[in-house]
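Working notes, structure below.
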There are 2 protein chains.
Amino acid sequence: MAKAGAPSKAVANGTGRSAVTRRQLVDAAIATLQLEGYTGTSARSIARRAGLNQGLIFYHFGSVANLLLAALDSVSQERLQRYEAEVSGVTNPSRLVDAAEEIFRNDLKAGYVTVLVEMIAGASSTPGLGPEVSARIQPWRGFAQSAIEAAVGDSPLGSVLPAKDVAHAVVALYLGLELLSHLDGDPGPALALFARAKGLAELLEALTTPSTPKEAP
Amino acid sequence: MAKAGAPSKAVANGTGRSAVTRRQLVDAAIATLQLEGYTGTSARSIARRAGLNQGLIFYHFGSVANLLLAALDSVSQERLQRYEAEVSGVTNPSRLVDAAEEIFRNDLKAGYVTVLVEMIAGASSTPGLGPEVSARIQPWRGFAQSAIEAAVGDSPLGSVLPAKDVAHAVVALYLGLELLSHLDGDPGPALALFARAKGLAELLEALTTPSTPKEAP
DNA sequence: GTCTATACTTGGATAGAC
DNA sequence: GTCTATCCAAGTATAGAC
């Protein structure tokens, strides 16, 4: 039925020529978003970085916006997968704060969140992009909510501060801290905050499990 | 010494022709940033909205980036002045949360923070813009810190959570919530958060002033 | 001093070559 | 199916008109 050589429909991976070109364009798009911001990310700047003709973007992705969404998907999937493994098994607040700090440091160094932040900001300019980006943030809200529920358990805190609301705040705070750290070129204030959160989490643990005081040395 | 008709050096206000044109361009720049985002904000799009020739931007401001910084200054000064009046005299946490929510609602409706967020995001693309934007956020950190110190006083909470660190978090959270509210076109989750914060603040007040329990009805 | 017409550069998208 | 050469719109900036 299919002609010999007809490309598989597989979008993510593959070894065919098309797949290789697509991968190169996606990688170049990620790097360009990180280094030049949304406004500096054009078909030409991406193609230049990839060493390819800019027309290929329109052949393989239809538009620059579509390529950027593919880039966001690529980064998002990779991160979500890794981080879910990292926080699985975390069942107390202070270790969750540790994990969160580790994630923040890693994201900042690798520039992962920059891609997301630039896309969010760019959504104001590119018609139709908003809902697409919004949908790609949804999994992160769910991830944060699950992690918080697992770490806090069913303590009374959950009733005054529902995990769902806190998860929204955490995602927002995370984006804001990244925004400011990147702008100032100084992650110091953000990292100081994680230290404070750690202290607070330990205090919380001491309060919620008063029947298990510190072991004697 | 000066020729008759030599324009005053006053940048902010004035009734001369130059001042009027500048004002129109600043206002159009604000509106364009809000409605079309950083990428959609070009000399042409601003001038079109103002009904002026785009060359005027370069005559009066030297570059598009300079006009955008003037727009940011205009919005920032107006907001800071108004909000400082609003929180002056607030000396307890729950009323500070009320004020913060009012500010958030107002900002969201008027699109004030959008201007700032777009400029932050755009700073990645435009060389030299980062430090300028960063400097214009500084007053807001100070504003938040003062408000928190005034509301929390010298309670023991201040030692585990210093006002300076909290202020940084508040600014970041504020930007993040604005980012998400705007993206989703739904301020619901953010507003729900203010309600939770209010509950928490009231709880805090009850704990820190246990000698003054609720009056009997 | 103020503004407009024009020059030149970069961007998105496609018709047509391989 | 894959890619390149080319088209036209939109961007910044300025030389010159008023």
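In what follows, chains carry the letters A, B, and so on, assigned in the order in which the sequence lines appear, proteins first and then strands, with residues in each chain numbered from 1.
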Report the distance from atom [atom1] of [X] to atom [atom2] of [N], rounded to the nearest whole Å.
| X | N | atom1 | atom2 | result |
| --- | --- | --- | --- | --- |
| Phe61(B) | dT14(D) | CZ | P | 17 Å |
| Arg23(A) | dT2(D) | CZ | P | 17 Å |
| Leu52(A) | dC3(D) | CG | P | 8 Å |
| Ile46(B) | dA10(D) | CD1 | P | 16 Å |
| Arg49(A) | dG11(C) | CZ | P | 13 Å |
| Leu129(B) | dT12(D) | CG | C1' | 16 Å |

Discussion item. To the nearest 0.5 Å, what is the distance between CG on Leu52(B) and CD1 on Ile46(B)?
Written reply: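 Taking CG in Leu52(B) and CD1 in Ile46(B), the distance rounds to 11.0 Å.
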Worksheet item: For residues 114-133 of chain B, which residue pairs qualify under ring pair (Phe, Tyr, Trp, His ring centres under 6.0 Å), counting only residues two or more places apart or in two chains?
Response: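 Sorted result for residues 114-133 of chain B: empty, none.
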Side chains of residues 82-93 of chain B: which donor-acceptor partners sit under 3.5 Å, not counting sequence neighbours?
from, atom 1, to, atom 2, distance (Å)
Tyr83(B), OH, Asn106(B), ND2, 2.9
Tyr83(B), OH, Asp107(B), OD1, 2.7
Ser88(B), OG, Ala85(B), O, 3.2

Worksheet item: Considering residues at least two apart in sequence or located in another chain, which fulfil the ring pair (Phe, Tyr, Trp, His ring centres under 6.0 Å) criterion with Tyr174(B)?
Response: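 Testing Tyr174(B) for ring pair (Phe, Tyr, Trp, His ring centres under 6.0 Å), a comparison that skips the adjacent residues, returns Phe104(B).
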Worksheet, complete the sentence: Once base and sugar-phosphate atoms are separated, protein heavy atoms under 4.0 Å mark nucleotides 12-18 of chain C, 5' to 3', with B, S and - as BBB----
Pairs under 3.5 angstrom only: tabulate donor-acceptor contacts from the side chains of residues 111-122 of chain A to other protein residues two or more places apart or in another chain.
from, atom 1, to, atom 2, distance (Å)
Thr114(A), OG1, Glu178(A), OE2, 3.0
Glu118(A), OE1, Tyr38(A), N, 2.8
Glu118(A), OE2, Ser124(B), OG, 2.8

Practice prompt. May I ask you to evaluate whether His60(A) reaches the phosphate of dC3(D), defined as a side-chain N or O under 4.0 Å from OP1 or OP2?
Written response: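 Yes, such a contact exists.
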Worksheet entry | Sequence-distant partners of Pro139(B), side chain to side chain contact (heavy atoms under 4.5 Å, CB included), two or more places apart |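 Testing Pro139(B) for side chain to side chain contact (heavy atoms under 4.5 Å, CB included), a comparison that skips the adjacent residues, returns Leu80(B).
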